[in-house]
Amino acid sequence: NSKIPEDGYVLSLCGPGVETIADNVKIGDKINIGIKLVPYTVAPEKIIHLISGGPRLLKNGTLYVSKNEEKFKMDIAKGRAARTAIGITRDGNLLLVTIDGLPREKSDRNDQASIGATLEELSDLMLALGAVEAMNLDGGSSSTMVINGLVVNQPTAGYQRGVSNAILVKPRS
C-alpha cells in the first residue's frame, strides 16, 4: 500500500532478515541493491518495466520449462495448480492466460471445476495459442484475471485476493 515516488522505488521485503533491515535502515537512507535476472548473467542496461514471475515456459518457439534452472521450489515446480502466464506471439501480440484450479473449499468443487495445470501443460497451451516466448507469472489463489473491473475467472480462494504485483493493460491515451 505504498505510493511509489515518481523519482524513486518502493523496496518490499519479507522473510528472513527483515527485522535486521528494519532495525538498521530508515526512510531516506541510501542503500545499494542488486537484481539477478535469470537467464541473464548481467542485468540489461536499461529496464523499463519489471515484474516477478517464472519459470520460463517457451524460448524461441520451443518448450523450455526452466523450473530447475531457476531453482523453483517443488510446490510451484510440480503438480497441478491454478496458473497465470504471459506470452508473446511471433507477430508481437501479447497473450495473457489464466487457468483456474480446484477451489479451496471442498463444498465449492464439482464436476465442472478445473483441476489446474502443470507447468508443462501450461507450456503446451501457450505454444498452441501461438506464443513463441512465454513465462509463468503466478499460481494458486493469486491467479486472477480481471477485465474491465470484473473478475472473469474463478479464483481458488473464491474471491479476488490482494497481490503485490500485477500487469495492467490500458488503452493508449
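Given the structure is predicted, the values throughout are model-derived calculations rather than measurements.
Interatomic distance, Ser66 OG to Leu57 CG, rounded to the nearest 0.5 Å: 7.5 Å.
Using a 4.5 Å cut-off between side-chain heavy atoms of Ile, Leu, Val, Met, Phe, Trp and Tyr, with links allowed through other members, Leu137 and Met126 fall into different hydrophobic clusters. Residues Tyr64 and Leu127 do not share a hydrophobic cluster, clusters being chains of Ile/Leu/Val/Met/Phe/Trp/Tyr side chains in contact below 4.5 Å. Linking ILVMFWY residues whenever their side-chain heavy atoms come closer than 4.5 Å, directly or via other members, places Leu129 and Leu63 in the same cluster. With hydrophobic clusters built from ILVMFWY side chains whose heavy atoms lie under 4.5 angstrom apart, Leu125 does not share a cluster with Val152.
Apart from Val151 itself, the hydrophobic cluster it occupies contains Val146, where clustering links Ile, Leu, Val, Met, Phe, Trp and Tyr at side-chain heavy-atom distances under 4.5 Å. Side-chain heavy-atom separations under 4.5 angstrom define the hydrophobic clusters, and Tyr159 shares its cluster with no other residue. Taking a 4.5 Å side-chain heavy-atom cut-off between Ile, Leu, Val, Met, Phe, Trp and Tyr, the cluster of Leu150 contains only that residue.
Minimum interatomic distance between Ala131 and Leu58 (heavy atoms only, all atoms of both residues): O-CD1, 3.5 Å. Nearest heavy-atom pair across Ser141 and Thr156 is CA-OG1, 3.1 Å. Shortest non-hydrogen contact noted between Pro155 and Thr144 is CG-OG1, 3.8 Å.
Residues satisfying the side-chain contact (heavy atoms from CB on, under 4.5 Å) criterion with Ala81, sequence neighbours excluded, are Arg83. Every side-chain hydrogen bond (donor to acceptor under 3.5 Å, both in side chains) that Thr84 has, sequence neighbours left out, goes to Ser143.
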Acceptor/donor pairs from residues 16-32 side chains to any protein atom, 3.5 angstrom cut, sequence neighbours excluded:
| unit_1 | atom_1 | unit_2 | atom_2 | d |
| --- | --- | --- | --- | --- |
| Asn24 | ND2 | Thr20 | O | 2.6 |
| Asp29 | OD2 | Lys26 | N | 2.8 |

Could you list the donor-acceptor pairs under 3.5 angstrom formed by side chains in residues 93-102, with sequence neighbours left out?
| unit_1 | atom_1 | unit_2 | atom_2 | d |
| --- | --- | --- | --- | --- |
| Asn93 | ND2 | Asp91 | OD1 | 3.2 |
| Asn93 | ND2 | Asp91 | OD2 | 3.4 |
| Asp100 | OD1 | Asn153 | ND2 | 2.8 |
| Asp100 | OD1 | Gln154 | N | 3.1 |
| Asp100 | OD2 | Gln154 | N | 3.1 |

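Within the structure, side chain to side chain donor-acceptor pair (under 3.5 Å) pairs that include any residue of residues 126-135 comprise Arg56-Glu133 (at least two apart or interchain). For residues 138-163, no pair satisfies salt bridge (charged side-chain N to carboxylate O under 4.0 Å, His left out), with sequence neighbours left out. Note on residues 116-130: pairs passing salt bridge (charged side-chain N to carboxylate O under 4.0 Å, His left out), not counting sequence neighbours, are Lys67-Glu120, Arg80-Glu121.
Using a 4.5 Å heavy-atom threshold, the side chains of Val132 and Asn60 count as separate.
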